[in-house]
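One structure is given below, encoded as structure tokens.
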Amino acid sequence: MRHSLYLNKRNYPFLIATLLVVFMVSCQEAEEKDEGLPLPVLTLKEEKAAKSFQYLGSIEGVENVGIRPQVDGILEKIYVDEGEYVEKGQPLFEINSQPYQEDLKNAMANVKVERAKLKKAKTEIDRIQPLIDNEVISEVRMETAMADYEVAQSSLDRAQAVAANMRIKLEFTTINAPVSGFIGRIPKSIGNLVKKTDEEPLTVLSNVEDVYVYFSMSESDYLYYERMKGDSTSKKMNNEVKLVLSDGSEYERAGVIDANSGQIDKSTGSINLRAKFDNPDTLLRSGSTGKIIMEQIYPNAILVPQGATTSIQDKRFVFKFQETDSTVLKKEIQIEGRTGKQYIVSGETLNSDDRIVVSGLNKLTTGVKVNPMKVGQLVVDNTTTASVQ
């Protein structure tokens, strides 16, 4: 009995030390728990941002001319090839001109005949004038001679008009480029009969130094666009638009909206608009497609990462960090748009210098205490942090 008591007394210092260690560890754990959950917290600030709107568009040259024959005949020559660039006035096609040369010869012969008739009528007037002056014949003969002269003059004018028309038709047998541009598909070949009434043109000539991109938007989008483009304070619609090509790349030059159809299509509820782009390198061609990107500029936007939000039904929330007691408050936000992977948030729901938790949201509810970390740090073993590179 004494031996057992003796051993217990000898172990008192050891037991006391052990109890002190356990107590200190417990206190340390309690203190760590009091610090709250270590989660990254982001301080919001005002930034420049843009909300984009996308619309599918079709590209056409500013001058897109269907080349059609002005006279009927056999296609005799084709001076150009598909895809070739031609200058204004350059010959494109030749129609057999022989029938029109003969028509012009006949017309010119008729002009000579009518000119001779006019000369004869003038001679008759000159012949009878002295006779009338000497009262040899009555003035009625002069009236008749003058009428014959006027008829001859009219006949000559008509013959000259016919000859001029034949000359124009002969010139139309050579078809020249009305504008500079690129030759499209040529469906006809040498030897084919071409007519003015053909539904399909000989080719389409596109001047693509500048191009139009035609697109449509809904009536509600158009009303929003019209209101916002004149906003002088904030949320102003950018006057310039961007073009995303079919391969996903962005065209290097910006364009401007220069026209709209002026009417809402009742069947689709949309309105057509037109944007103009410079195309000095002729990269853009008629018939291509792309996407028009319109941007609404926010000079002082509050941006929130999409991953820092949570949703319930159709509402979206963030956890706002409260400096006073280091707890979080679940706060509903109003989203005005997106830019990249961030939401543009209304300034009525969040302000500059507000702090929000950006991850670990599934662990949070209103009132939970948080130990704020800088964004870019990683929790290690729930006790220490390391920088994420």
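Any value given below was found using the heavy atoms of this structure, including those in side chains, with hydrogens, waters and symmetry copies removed.
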**Item:** Phe215 six-ring face occupied by Arg274 cation (under 6.0 Å, within 45°)
**Value:**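 Here Arg274 fails the 6.0 Å and 45° test against Phe215.
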
**Message:** Can you see whether Phe317 has Lys330 sitting over its ring - NZ or CZ less than 6.0 Å from the centre and within 45° of the normal?
**Reply:**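 Satisfied, under 6.0 Å and within 45°.
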
Any chance you could measure [X], atom [atom1], to [Y], atom [atom2], to the nearest 0.5 Å?
X	Y	atom1	atom2	value
Ser246	Ile59	OG	CD1	8.0 Å
Leu202	Leu75	CG	CG	6.5 Å
Lys77	Leu92	NZ	CG	14.0 Å
Glu76	Thr174	CD	OG1	9.5 Å
Ile175	Leu205	CD1	CG	12.0 Å

So do [Y] and [X] actually touch side chain to side chain, heavy atoms under 4.5 Å?
X	Y	value
Val370	Ser326	no
Ser218	Ser270	no
Lys120	Thr123	no
Asp210	Val208	no
Leu273	Tyr225	yes
Arg115	Gln160	yes
Ile344	Ile302	no
Leu44	Asn351	no

**Item:** Hydrophobic cluster identity match, Ile293 and Phe53, side-chain contacts under 4.5 Å
**Value:**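 No, because Ile293 and Phe53 fall into different hydrophobic clusters, even though each may have its own neighbours under 4.5 Å.
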
**Request:** Evaluate whether atom CD of Gln98 has more than 12 neighbouring non-hydrogen atoms of other residues, nucleotides or ligands under 6.0 angstrom away.
**Result:**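 Counting other residues, nucleotides and ligands, CD of Gln98 stays at 12 neighbours or fewer.
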
Which side-chain N or O atoms in residues 308-316 pair as donor and acceptor under 3.5 Å with protein atoms at least two apart or in another chain?
residue : atom : partner : partner atom : Å
Thr309  : OG1  : Gln306  : O            : 2.8
Thr309  : OG1  : Arg316  : NH1          : 3.0

**Prompt:** Charged N to carboxylate O below 4.0 Å: is that the case for Arg355 and Glu323?
**Reply:**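 The answer is yes: the pair qualifies as a salt bridge.
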
**Message:** If we count only N and O atoms by modelled type, under 3.5 Å, do the side chains of Ser206 and Asn64 hold a donor and an acceptor together?
**Reply:**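 Looking only at side-chain atoms, Asn64 and Ser206 do form a donor-acceptor pair, the distance falling under 3.5 Å.
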
**Request:** State whether the side chain of Asn110 and the backbone N or O of Ala107 hold a donor-acceptor pair below 3.5 Å, judged by distance alone.
**Result:**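 A pair under 3.5 Å: no.
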
**Message:** Quick test of your reading: applying salt bridge (charged side-chain N to carboxylate O under 4.0 Å, His left out), list the pairs with at least one residue in residues 238-257, sequence neighbours left out, ordered by first then second residue.
**Reply:**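 Checked against salt bridge (charged side-chain N to carboxylate O under 4.0 Å, His left out) - neighbours excluded - the pairs reaching residues 238-257 are Lys242-Glu295, Arg253-Asp281.
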
